[in-house]
Participant: 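Pasting a structure here, questions to come.
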Amino acid sequence: VQLQASGGGLVQAGGSLRLSCATSARTFSSLNMGWFRQAPGLEREFVAAISWGGARQRYADSVKGRFSISRDNAKSTVYLQMNSLKPEDTAVYYCAADSSLDTLVRAAGYWGQGTQVTVSS
């Protein structure tokens, strides 16, 4: 499964960005999808996940109410809408996939390359 993340960039605090993750996997509609992030000097951490059908989402406490994950199975793409961004959201964001939503909140079977998000104060 190849995952291609995009949409990162530089934004001021309080601003918004939308990340996208596209895949050519024919099994996309059966995969749970998620996002992780890694800030310099820190471990990679879970951000958000969505079930294969889109009915269930999971969020890290640090992003609840500000970030929203969604998916378009017709386009084999998952999105992460990030609002009210803070400097502490600065990190490399990674798209991920797994057959288990419960697993996806801590690990993943498939990883994409990262996209840099930088939030200036």
Side-chain angles (χ1 to χ4, degrees):
V1 175
Q2 292 187 328
L3 307 173
Q4 182 73 35
S6 62
L10 174 64
V11 64
Q12 288 188 331
S16 299
L17 279 175
R18 188 177 81 156
L19 304 183
S20 299
C21 176
T23 176
S24 60
R26 286 177 287 180
T27 57
F28 176 82
S29 61
S30 65
L31 286 171
N32 302 288
M33 301 296 297
W35 292 92
F36 287 71
R37 67 186 182 186
Q38 186 168 20
L42 299 179
E43 293 185 352
R44 189 176 300 186
E45 65 175 1
F46 167 75
V47 175
I50 188 167
S51 60
W52 60 269
R56 293 175 290 161
Q57 298 92 42
R58 302 283 189 271
Y59 295 96
D61 288 343
S62 59
V63 307
K64 280 181 181 176
R66 300 188 298 122
F67 291 11
S68 177
I69 189 169
S70 62
R71 65 189 294 158
D72 185 337
N73 284 351
K75 296 181 178 179
S76 298
T77 302
V78 63
Y79 305 97
L80 184 68
Q81 178 67 43
M82 304 185 295
N83 299 326
S84 301
L85 283 161
K86 305 175 181 180
E88 52 263 44
D89 294 317
T90 295
V92 177
Y93 283 70
Y94 296 89
C95 179
D98 199 89
S99 59
S100 166
L101 184 63
D102 291 336
T103 297
L104 199 50
V105 299
R106 60 184 184 275
Y110 306 99
W111 293 96
Q113 95 295 350
T115 184
Q116 176 71 46
V117 172
T118 302
V119 184
S120 62
S121 57

Participant: Check whether D98 reaches the backbone of G109 with its side chain - one donor and one acceptor, N or O, closer than 3.5 Å.
Facilitator: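 Such a contact is found between D98 side chain and G109 backbone.
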
Participant: R37 and A91: which non-hydrogen atoms are nearest, and at how many Å?
Facilitator: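 Smallest interatomic distance, heavy atoms only, reads CB-CB, 3.8 Å.
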
Participant: Between R56 and W52, is there a donor-acceptor pair closer than 3.5 Å when you use the side chain of the first and the backbone of the second?
Facilitator: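 No: the side chain of R56 does not pair with the backbone of W52.
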
Participant: Report yes or no: does T115 contribute a side-chain atom to a donor-acceptor pair with the main-chain N or O of Y93 at less than 3.5 Å?
Facilitator: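 Here the side-chain-to-backbone pair does not exist.
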
Participant: For a 4.5 angstrom cut-off between non-hydrogen side-chain atoms, does L17 reach V117?
Facilitator: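 Side-chain contact under 4.5 Å: yes.
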
Participant: As an exercise, state the distance from OG of S121 to NZ of K86, rounded to the nearest 0.5 Å.
Facilitator: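 Rounded to the nearest 0.5 Å, the OG-NZ separation comes out at 14.0 Å.
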
Participant: Closest approach of S16 and Q81, non-hydrogen atoms and distance?
Facilitator: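 The pair with the smallest heavy-atom distance is CB-NE2, 3.9 Å.
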
Participant: Quick one: pull up OG1 in T118 and CG in L85 and give me the separation to the nearest 0.5 Å.
Facilitator: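 Taking OG1 in T118 and CG in L85, the distance rounds to 10.5 Å.
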
Participant: Run the side chain to side chain contact (heavy atoms under 4.5 Å, CB included) check on Q4 and Q113 step by step: do they pass?
Facilitator: CA-CA 7 Å; Q4 182 73 35; Q113 95 295 350; 3.3 Å; yes

Participant: Any chance you could lay out the side chain to side chain donor-acceptor pair (under 3.5 Å) test for T90 and E88, step after step, and finish with the verdict?
Facilitator: CA-CA 5 Å; T90 295; E88 52 263 44; over 6 Å; no

Participant: Under 4.5 Å between side-chain heavy atoms, counting indirect links through other Ile/Leu/Val/Met/Phe/Trp/Tyr residues: same cluster for V1 and V78 or not?
Facilitator: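 Linked, V1 and V78 end up in one cluster.
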
Participant: Measure the spacing between CZ of R58 and CG of D102 and express it to the nearest 0.5 Å.
Facilitator: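 One gets 6.5 Å once the value is rounded to the nearest 0.5 Å.
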
Participant: With a 4.5 Å heavy-atom cut-off, do Y79 and L19 have their side chains touching?
Facilitator: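 Of all side-chain heavy-atom pairs linking L19 with Y79, none is under 4.5 Å.
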
Participant: If you compare all heavy atoms of L31 against all heavy atoms of A97, which two are closest, and at what distance to 0.1 Å?
Facilitator: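 Here L31 and A97 meet closest at CD1-CB, 4.2 Å.
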
Participant: To the nearest 0.5 Å, tell me how far I69 CD1 sits from Q57 CD.
Facilitator: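 Going from CD1 on I69 over to CD on Q57, the span is 8.0 Å.
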
Participant: Salt-bridged, D61 to K64, with N to O below 4.0 Å?
Facilitator: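 Answer for the salt bridge query: yes.
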
Participant: Group every Ile, Leu, Val, Met, Phe, Trp and Tyr by side-chain heavy-atom contacts under 4.5 Å, then state whether L104 and V63 land in the same group.
Facilitator: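 Each belongs to a different hydrophobic cluster.
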
Participant: Does R44 make a cation-pi contact with F36 (under 6.0 Å, within 45 degrees of the axis)?
Facilitator: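 Relative to the ring axis of F36, which defines the angle, R44 lies outside at least one limit.
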
Participant: Which heavy atom of S51 sits nearest a heavy atom of R71, and at what distance?
Facilitator: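 Result for this residue pair: O-NH1, 2.9 Å.
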
Participant: Supply the atom-to-atom distance L80 CG to R18 CZ, rounded to the nearest 0.5 angstrom.
Facilitator: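 It comes to 10.5 Å.
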
Participant: Which heavy atom of L3 sits nearest a heavy atom of C21, and at what distance?
Facilitator: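 Taking L3 first and C21 second, the nearest heavy atoms are CB-SG, 3.8 Å.
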
Participant: On the 0 to 90° scale, with breaks at 30° and 60°, tag the W111-Y94 ring pair as parallel, tilted or perpendicular.
Facilitator: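 It falls in the perpendicular class, over 60°.
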
Participant: Using 0.5 Å steps for rounding, measure from the OG1 atom of T27 to the OH atom of Y110.
Facilitator: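 One finds 7.0 Å between OG1 of T27 and OH of Y110.
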
Participant: Closest heavy-atom contact between T77 and S20?
Facilitator: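 So the two residues come closest at CG2-CB, 4.3 Å.
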
Participant: Indicate, with yes or no, if I50 and L101 share a hydrophobic cluster defined by side-chain heavy-atom contacts under 4.5 Å among Ile, Leu, Val, Met, Phe, Trp and Tyr.
Facilitator: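 Unlinked, L101 and I50 end up in two clusters.
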
